[in-house]
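To start, the structure itself, in structure tokens.
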Amino acid sequence: QVAESGGGLVQPGGSLTLSCLVSGYTLDIKAIGWFRQAPGKEREGVGCIKKSDGSTVYGDSVKGRFTISWDTAKNTVFLQLNDLKPEDTATYYCATVGNPYYSGTILLDPRAHDYWGQGTQVTVSS
């Protein structure tokens with residue numbers, strides 16, 4: 001139901017835009033979250049956007065640098081990554097939320113998400 005794209009190699013300080021194409025029965029999807037996982041580390045909540053009002057929540061490590069938006073006409077959720085750092089290197093995933101009552105930091109918890117994409121690799125290196 002979701003598929004990520006847009007990853008790649010970027011230099012420190014650079015920018016990248018990731019896309020999450022949402023398909024299938026989208027009425028059941030109440031929010032889309034972005035996560036990342038680096039080798040040997042736990043999956044980390046990057047941010048999440050609610051479909052009802054476009055409200056967003058972000059993880060502390062990316063606040064002020066990453067932005068999530070939802071183009072409902074294109075059924076696509078974007079993750080804009082700015083001022084990238086080597087520690088942002090990871091596989092980035094998007095995932096769906098079906099519960100309309102989840103809000104706040106719960107939306108950064110992987111357990112709140114149902115369907116996951118295969119991920120897209122982001123590497124920040126000079």
Side-chain angles (χ1 to χ4, degrees):
Q1 282 192 320
V2 290
E4 308 90 343
S5 62
L9 174 64
V10 62
Q11 292 186 344
S15 299
L16 206 59
T17 302
L18 306 183
S19 300
C20 175
L21 178 63
V22 183
S23 61
Y25 193 63
T26 59
L27 289 179
D28 284 345
I29 298 173
K30 306 306 180 185
I32 294 289
W34 282 96
F35 294 81
R36 66 186 182 185
Q37 189 165 20
K41 294 189 176 181
E42 293 187 354
R43 190 162 294 191
E44 175 190 8
V46 172
C48 191
I49 185 167
K50 297 188 74 172
K51 188 176 183 180
S52 58
D53 58 7
S55 59
T56 54
V57 60
Y58 296 96
D60 289 340
S61 63
V62 305
K63 279 181 183 176
R65 299 189 298 124
F66 292 7
T67 303
I68 299 174
S69 60
W70 196 326
D71 187 331
T72 54
K74 296 181 179 180
N75 285 335
T76 301
V77 175
F78 299 99
L79 176 64
Q80 177 67 38
L81 297 76
N82 295 326
D83 189 23
L84 283 162
K85 305 175 181 180
E87 51 264 40
D88 294 318
T89 296
T91 301
Y92 284 71
Y93 301 88
C94 63
T96 66
V97 177
N99 191 320
Y101 302 108
Y102 286 162
S103 63
T105 55
I106 291 176
L107 295 172
L108 297 178
D109 190 332
R111 294 170 295 180
H113 292 71
D114 306 310
Y115 297 98
W116 294 76
Q118 295 299 308
T120 185
Q121 178 67 35
V122 172
T123 302
V124 184
S125 175
S126 55

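With hydrophobic clusters built from ILVMFWY side chains whose heavy atoms lie under 4.5 angstrom apart, Leu108 shares a cluster with Tyr102.
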- Message: Show, in sequence, the C-alpha distance, side-chain angles and deciding distance for Thr91 and Gln121, and conclude whether the side-chain hydrogen bond (donor to acceptor under 3.5 Å, both in side chains) test is met.
- Response: CA-CA 4 Å; Thr91 301; Gln121 178 67 35; 2.9 Å; yes

- Please assess Glu44 against Ser61 for the test side chain to side chain contact (heavy atoms under 4.5 Å, CB included), listing each intermediate value before the final yes or no. CA-CA 10 Å; Glu44 175 190 8; Ser61 63; 2.7 Å; yes

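Here the closest non-hydrogen pair linking Ala38 and Ala90 is N-CB, 3.9 Å. The two atoms that bring Gln118 and Glu4 nearest to each other are N-OE1, 3.1 Å, heavy atoms only. The minimum heavy-atom distance between Lys41 and Gln37, with the atom names listed, is O-NE2, 3.1 Å.
With contacts defined as side-chain heavy-atom distances shorter than 4.5 Å, the pair Lys50/Leu107 qualifies.
A side-chain donor-acceptor contact under 3.5 Å links Thr76 to the backbone of Lys74. Checked by atom type and distance alone, the side chain of Thr96 pairs as donor or acceptor with a backbone atom of Tyr115 at under 3.5 Å. Proximity of a side-chain donor or acceptor of Asp88 to a complementary backbone N or O of Lys85 within less than 3.5 Å is detected.
Thr120 and Arg36 are not linked by any side-chain donor-acceptor pair at a separation below 3.5 angstrom, with hydrogens and angles left out of the test. A donor-acceptor pair shorter than 3.5 Å cannot be found between the side chains of Gln11 and Ser125.
With sequence neighbours excluded, the residues that form a side chain to side chain contact (heavy atoms under 4.5 Å, CB included) with Asn82 are Ser15, Gln80. The side chain to side chain donor-acceptor pair (under 3.5 Å) search around Ser69 returns none, not counting sequence neighbours. The disulfide bond (SG atoms under 2.5 Å apart) test applied to Cys48 returns no partner, not counting sequence neighbours. Looking at residues two or more places apart in sequence or on another chain, you find a side chain to side chain donor-acceptor pair (under 3.5 Å) between Lys63 and Asp60.
The other residues sharing a hydrophobic cluster with Phe35 are Tyr93, Trp116, where clustering joins ILVMFWY side chains under 4.5 Å apart. Val77 belongs to a hydrophobic cluster with Val2, Val10, Leu16, Leu18, Val22, Ile29, Ile32, Trp34, Val46, Ile49, Tyr58, Val62, Phe66, Ile68, Trp70, Leu79, Leu81, Leu84, Tyr92, Val122, Val124, counting contacts under 4.5 Å between side-chain heavy atoms of Ile, Leu, Val, Met, Phe, Trp and Tyr, direct or through other members.
Heavy atoms of other residues, nucleotides or ligands lying less than 6.0 angstrom from CD of Glu87 number more than 12.
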